Amino acid sequence: MIQVRGLRKVYRVGVEEIHALRGVNLQIGSNEMVAIMGASGSGKSTLMNIVGCLDRPTAGRYELDGVEVGRMDSEQLAYVRNEKIGFVFQSFELLPRQDALRNVELPLIYSRSQLDGSTRRRRAEAALERVGLADRMDHRPNQLSGGQKQRVAIARAILNEPAILLADEPTGNLDSQTTVEILGIFAKLHAAGQTIIIVTHENEVAAHCHRVVRLRDGEILSDLPIAQDAASQYVAAAHAGAAKGSA
Ligand SMILES: Nc1ncnc2c1ncn2[C@@H]1O[C@H](COP(=O)(O)OP(=O)(O)OP(=O)(O)O)[C@@H](O)[C@H]1O
Ligand SMILES: [Mg+2]
């Protein structure tokens, strides 16, 4: 579904060139659940932005469902982004003056789908129900907890039934209890067939994914099934520690 070959991204700031991605090869299939990890500045968000069609690579190929994305113009990119990709960010990115329902519904207003108002509302309500927020639809963001805000953002991201759900540190602003709740929602979506890519610093989050891609200085350091990645060993150790502590 996602096929990336020799992907490079160079940012120019004044006379300086920053090589954010230095030849990344990556293939992600339908219904995978992948964690992208790596130190700050290793290129995780840069990679996500390119995969999400928010940005274009400097060099290399990116094919999404067999279509070369690198050659698309801005309008085609915007179309692919709308139709195929859902985004979730650390900072939720909700509109403060609009209630949850309206926040979820808004992308449909701007999409080409031309749905009428009541159909849009029904779809937004269904998405909020999927993330367990049926009882908070008329709350504005400042009337919601962090976890509830992130649920609204997830509902908004899945509204168009995107082929890929991209989440950049979705639990970065959440406590561990709420993190577990949000991971539960991702697990549910994955079980329903969703392809999910999560950027995270937390081993605990990566341990809920099935594959872990680690970046270092713009290159892939490792790409392993979770059972072979350090994240699973970390979680196993944490569980063993907890069991010891309660004994
Ligand atoms: N718009 C930009 N202009 C110039 N340099 C940038 C830009 N965006 C990112 N960079 C640089 O590219 C490199 C990779 O940045 P990126 O945001 O992808 O890292 P990251 O792995 O997501 O880090 P973090 O964990 O802190 O979010 C960094 O050195 C960063 O300073
Ligand atoms: Mg980042």
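Count residues from 1 along the sequence. On a predicted model such as this, the values are computed, not experimentally measured, just so you know.
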Just checking [X]: does its [atom1] atom have more than 12 heavy atoms from other residues, nucleotides or ligands closer to it than 6.0 angstrom?
| X | atom1 | answer |
| --- | --- | --- |
| Glu17 | CD | yes |
| Arg81 | CZ | yes |
| Arg216 | CZ | no |

Is there a donor-acceptor contact under 3.5 Å from the side chain of [X] to the main chain of [Y]?
| X | Y | value |
| --- | --- | --- |
| Thr200 | Glu202 | yes |
| Gln228 | Pro225 | no |
| His190 | Gln194 | no |
| Thr171 | Leu174 | no |
| Gln143 | Arg140 | yes |
| Tyr62 | Pro57 | no |
| Lys9 | Arg56 | yes |
| Glu129 | Ala124 | no |
| Asp223 | Arg214 | no |
| Gln27 | Val4 | no |

Once rounded to the nearest 0.5 Å, what's the spacing between atom [atom1] of [X] and atom [atom2] of [Y]?
| X | Y | atom1 | atom2 | answer |
| --- | --- | --- | --- | --- |
| Met1 | Glu32 | CE | CD | 10.0 Å |
| Asp229 | Arg211 | CG | CZ | 11.5 Å |
| Leu108 | Leu115 | CG | CG | 6.0 Å |
| Arg121 | Asp116 | CZ | CG | 9.0 Å |
| Leu159 | Ile154 | CG | CD1 | 13.5 Å |
| Thr195 | Met33 | OG1 | CE | 11.0 Å |

Exercise for review: Check step by step if side chain to side chain donor-acceptor pair (under 3.5 Å) holds for His201 and Glu169.
Suggested key: CA-CA 7 Å; His201 279 118; Glu169 305 206 34; 3.2 Å; yes
Review point. Is it the case that Asp175 and Thr178 place a side-chain donor and acceptor less than 3.5 Å from each other?
Key: yes
Identify each donor-acceptor pair in which a side-chain atom of residues 90-97 lies under 3.5 Å from a protein atom, sequence neighbours left out, and give them as a table.
residue	atom	partner	partner atom	Å
Gln90	NE2	Asn173	OD1	3.4
Ser91	OG	Glu93	OE2	2.8

**Study point:** Salt bridge present between Glu181 and Arg151 (N-O < 4.0 angstrom)
**Key:** yes
Practice item. Determine, step by step, whether Thr58 and Tyr11 satisfy the side chain to side chain donor-acceptor pair (under 3.5 Å) criterion, reporting the C-alpha distance in whole Å, the side-chain angles of both residues, the deciding distance to 0.1 Å, and the verdict. Key: CA-CA 9 Å; Thr58 311; Tyr11 293 111; over 6 Å; no
Practice item. Determine whether Arg22 and Leu7 make a side-chain contact, defined as any pair of heavy atoms from C-beta on separated by less than 4.5 Å. Key: no
**Study point:** Qualifying residue for side-chain contact (heavy atoms from CB on, under 4.5 Å) with Met37, from Asn203, Ile198, Val213
**Key:** Asn203
Review point. Can you check salt bridge (Lys or Arg N to Asp or Glu O under 4.0 Å) on Asp65 and Lys84, steps first, answer last?
Key: CA-CA 10 Å; Asp65 285 339; Lys84 298 211 169 190; 2.8 Å; yes
Point to revise | Test salt bridge (Lys or Arg N to Asp or Glu O under 4.0 Å) applied to Glu63 and Arg61, step by step | key: CA-CA 6 Å; Glu63 269 182 25; Arg61 289 175 65 81; 2.9 Å; yes
